[in-house]
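Here's the structure, in structure tokens; my notes come after.
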Amino acid sequence: MDGMVTVSGQDGAFPVAPGTSVLEAALRANRWLPHACSQGTCGTCKIRVLCGEVDHGAADETILSADERSSGLALACQSKPHGDLTIAPVNDADPGRPMHPLRDYTGTVRELSDIARQTRRLVVELDEPMEFDAGQYAELIVPGSGVARQYSMANPPSEQRLLEFHVRNTAGGLATEGWIFDSLAVGDRIDMRGPLGQFGVVEPREEPAILIGGGTGLAPLKSIVRHALDHDLLPAIHLYHGGRREADLYDVECFRAMEATDSRFHYHPVLSEENWDGATGMVTDAVLGDFASCRGHSAYLCGPPAMVVAAVKALKRRRMSPRLIFKEEFTVNAPRPAAEAV
């Protein structure tokens, strides 16, 4: 039997089917709750259970402590209700954010190409269009496992049928080494659900933006750049892409061409382990070297957690307001069991 969930301060309730998380049910009902990783690793979707009970599922103790649970807190992405619930988000929802309901999609692989070291571009043509914001992600379902893996759309929201993803191979990875870099081929069918996440640009902003991506963290930033330039959402954009060696960079020609034709856009590739004719060192050091002050700027960061932490510190050091720093960290997925990795 479905339970009904009421969000304090909002009209009406929405149903939650058995075995479905509060977050998934809310997004499918086109009811916005703050969230980011959707895997229980960030804490953005914390809710307070005002009435009713939940199964906390796989909520990590480091993200949701025993004391927090006993005080009525839960993670919306992990919690499954026992009957009816009344909840209140802990973090602020953005009332002005466009609403795109979470839905299931099926598509066909149209491109699967190697674009950098251990990195592939995956392009999927959906049977039905997906509405999303620049910076959001989808969950691809690994065949035969029921397991979902998160990948950001690299294309702008104007391209609702043809979705582009950037995928880095991970040793022992169920979705990467075990599927996308192994058996997946052009013409194959893929199941996914989306959109998810609250990272990105949806409305015009007055601040020039500094975008910093590590590895395939470039994907949502590429979507943001294309969307922002097409709709004049940002007065200036500085895109920094960090890699270890030149073989890790990709879409260089694309960004160089954009830079040559649009004075608002500036592209800065940075290598940390190889000397070349471009910037070297940590990508965050390159930002520090280029900006004596970041006051009055905004930032969008995506990449490994260590890079995101370093970038936040660097930007604060240059006097950027913390409220203007928006970030999306890579989540860590468990590798395949050893028996499957053979």
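Contact annotation: the side chain of Met307 approaches that of Ile212 to within less than 4.5 Å [non-hydrogen atoms, C-beta and beyond]. Counting heavy atoms from C-beta on, the side chains of Val109 and Val123 never come closer than 4.5 Å. At least one side-chain heavy atom of Arg28 sits less than 4.5 Å from a side-chain heavy atom of Asp104.
Atom NE2 of His266 and atom CD of Glu259 lie 7.5 Å apart (nearest 0.5 Å). Rounding to the nearest 0.5 angstrom, the gap separating the SG atom in Cys45 from the CD atom in Gln198 is 9.5 Å.
Aromatic pair Tyr267/His238: centroids not less than 6.0 angstrom apart.
Counting only distance, with no hydrogens or angles, the side chain of His297 and the backbone of Glu207 share no donor-acceptor pair below 3.5 Å. Between the side chain of Asn169 and the main chain of Gln118, no donor-acceptor pair closer than 3.5 Å is present. With hydrogens and angles disregarded, no donor-acceptor distance shorter than 3.5 Å links the side chain of Gln10 to the backbone of Val7. In this structure, Arg317 contributes its side chain and Val312 its backbone to no donor-acceptor pair below 3.5 Å. Put simply, the side chain of Arg168 gets close to the backbone of Arg117: a donor and an acceptor are under 3.5 Å apart. Arg103 contributes no side-chain N or O that, together with a main-chain N or O of Arg193, makes up a donor-acceptor pair within less than 3.5 Å. Thr176 places a side-chain N or O within 3.5 Å of a backbone atom of Thr170 that can act as its donor or acceptor partner.
Comment: Lys46 engages Glu68 in a salt bridge, judged by a side-chain N to carboxylate O separation of less than 4.0 angstrom. Between Asp232 and Arg264, at least one side-chain nitrogen of the basic residue sits less than 4.0 Å from a carboxylate oxygen of the acidic one, meeting the salt-bridge criterion. Ion pairing between Arg121 and Asp114 fails under the 4.0 Å rule for side-chain N and carboxylate O.
Clustering of Ile, Leu, Val, Met, Phe, Trp and Tyr side chains at separations under 4.5 Å places Leu64 together with Ile63, Leu73, Leu75, Val90.
The ring-ring contact (aromatic ring centres under 6.0 Å, His included) contacts involving residues 119-169 comprise His166-Tyr250, where partners must be two or more places apart or lie in separate chains.
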Worked verdict on Val147 versus Ile141 for side-chain contact (heavy atoms from CB on, under 4.5 Å): CA-CA 6 Å; Val147 172; Ile141 313 302; over 6 Å; no

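Within 6.0 Å of CD in Glu53 there are 12 or fewer heavy atoms belonging to other residues, nucleotides or ligands.
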